[in-house]
Amino acid sequence: MSGRHPIEHLYVEHHGWLRGWLRQRLNNSADAADLAQDTFIRVLLARTSGTLQEPRRYLATIARGLVIDMYRRRSLEQAYLEALKLRPEIHAPSAEDRALIFDSLLAIDRMLDGLGTRTRQIFLAVQLDGLSYEKTAERVGVSVSTVRKHLANALMHCLLLDEA
Amino acid sequence: MKRILAQAVDWYVRLHESTVSEATRNEWRTWLTADPQHAEAWKRIEQLQQRLGQAPAVAATTLEQARQQRRAALKMFAMLLGVGVVGWQGYEVSPWRADYTTRVGQRRHLTLADGSRLVLDTDTRVDVHFDERQRLIVLRQGEILVETAKDARPLSVHSAQGTVRALGTRFVVRQGDGVTRVTVEAHAVEVRPRLATAHSVRAEAGQTLSFAADSVGPLLPAATQASAWTRGMLVVIDWRLQDVLAELSRYRHGYLGCAPEVADLRLSGTFLLDDSEAVLANLEDSLPVQVRRLTRYWVRVEGRAT
């Protein structure tokens, strides 16, 4: 039998530690187990070659990103289902559609990271709720020209993200 | 480009007013046609709008609620995880720019505006640009099957290596690593490498070829079932085990590979792409191998210990 795959080595050496590290922070061993597993998937998908200088630090960095993503997704899922309850006229989507909807929400949510509260509020009112500038100005409590300015900033922000 | 994007944004904001005069519209049209870069920038705005259009009716409320809920939790997590608020950003590149995408293991059947059929294989990204003069499909990643509808406008697929022009036809294009592979199932296509546009090659039904940006490989007879994946199947005849596993691994997360001593074992058969676990179980029956699983996402086929 040839030598171990580097990932195998990484897994054997550090999986237990990572699980513990996550469990300590999440206070939930099922989540910790899932996220530890997901972290190794990321490492596999990244196809990192060679040996890592500081494997635990590397794993922890990836795990942190996944924890953040998990909370992001959960908060969106929960908020979405609550929003649906308030709008009985909207048919609840099938499980498959729901997955696509969450993906779409998650992507928009990420895209809006880094926008100020007001800019974000104005962008959502105009672009997702379809309000006019006047109605938006009323809702947010600013002038119409402020709405235009924030909308332009938000659009520019999104377009430039595309470029990165 | 940033300056032009800013102009496009400015136009969008002006055209989005409750009332827009015909004069403003005309001015915008003049701007739009004045420079191809203007049109390009405008297209980016349209793509952004398209993506936002996919959000559900309650999206705005949902996003605001989720954010508020998170804001409270955020400080705590930031502390626990040892990251700043900035940590919320940029952990994953989302497949944003593409019009249509599939995730690993997913397939998607689409009918385009002209009636053409487009099937996306696992982990694929395409952009679709249709205008008055042409029908253009940009394959950014993965594999697609195109079945063209009758239309006066030419249809072509752009890959990183060049262009495949449809000549009334059904064909499969795969974006590989530095190479594009085309398999024609009906009629013909014309292939033009990006850096050698004078060297176009015509491939007929039943033929396959690979091309790089500057050269075209030989025309070969196509595997009989190049588009079997559109029906969720992989059909192989006398393939190396290593190649079969490489193909299957495109449809699942994680590592799926084999030890060198079994890589060259040959096999034939029809496999269900959506159930690669069953395929793996089957391998142990038909070949002198054993499947070793470290986790669900790390699987290696090895020689059977005797």
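Throughout, a chain's letter reflects where its sequence line sits, starting with A, and its residues are numbered from 1.
Between chain A and the options I45(B), V13(B), T61(B), V58(B), heavy-atom pairs under 4.5 Å are most frequent for V13(B). Options E64(B), H253(B), Q65(B) differ in how many heavy-atom pairs under 4.5 Å they form with chain A, and the most are formed by E64(B).
With a 4.5 angstrom heavy-atom cutoff, Y80(A) touches chain B via backbone and side-chain atoms both. If you measure heavy-atom distances from Q49(B) to chain A, the contacts under 4.5 Å come from the side chain alone. Of the two parts of D103(A), only the side chain, counted from C-beta on, holds a non-hydrogen atom closer than 4.5 Å to a non-hydrogen atom of chain B. Residue Q37(A) touches chain B through its side chain alone, counting heavy-atom pairs closer than 4.5 Å. Heavy-atom distances place both the backbone and the side chain of L76(A) under 4.5 Å from chain B. At a 4.5 Å heavy-atom cutoff, the contact between R120(A) and chain B is made by side-chain atoms alone. For E134(A), the part lying near chain B is the side chain, with the backbone staying farther off; criterion is any non-hydrogen pair under 4.5 Å.
The aromatic ring centroids of F123(A) and H150(A) lie 6.0 Å or more from each other.
For the residue pair Y251(B) and D121(B), a side-chain donor N or O sits within less than 3.5 Å of a side-chain acceptor on the partner. R108(B) and T102(B) form no side-chain donor-acceptor contact under 3.5 Å, judged by distance and modelled atom types alone. With hydrogens and angles left out, the side-chain atoms of Q242(B) and D264(B) include no donor and acceptor closer than 3.5 Å.
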Exercise. Could you walk me through whether L124(A) and D129(A) pass the side chain to side chain contact (heavy atoms under 4.5 Å, CB included) test, one step at a time?
Key: CA-CA 6 Å; L124(A) 291 177; D129(A) 278 347; over 6 Å; no

Quiz item: For D275(B) and R252(B), what are the C-alpha separation, side-chain angles and deciding distance, and is it a salt bridge (Lys or Arg N to Asp or Glu O under 4.0 Å)?
Solution: CA-CA 10 Å; D275(B) 194 1; R252(B) 42 188 281 153; over 6 Å; no

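Atom CZ of R3(B) has 12 or fewer heavy atoms from other residues, nucleotides or ligands within 6.0 Å.
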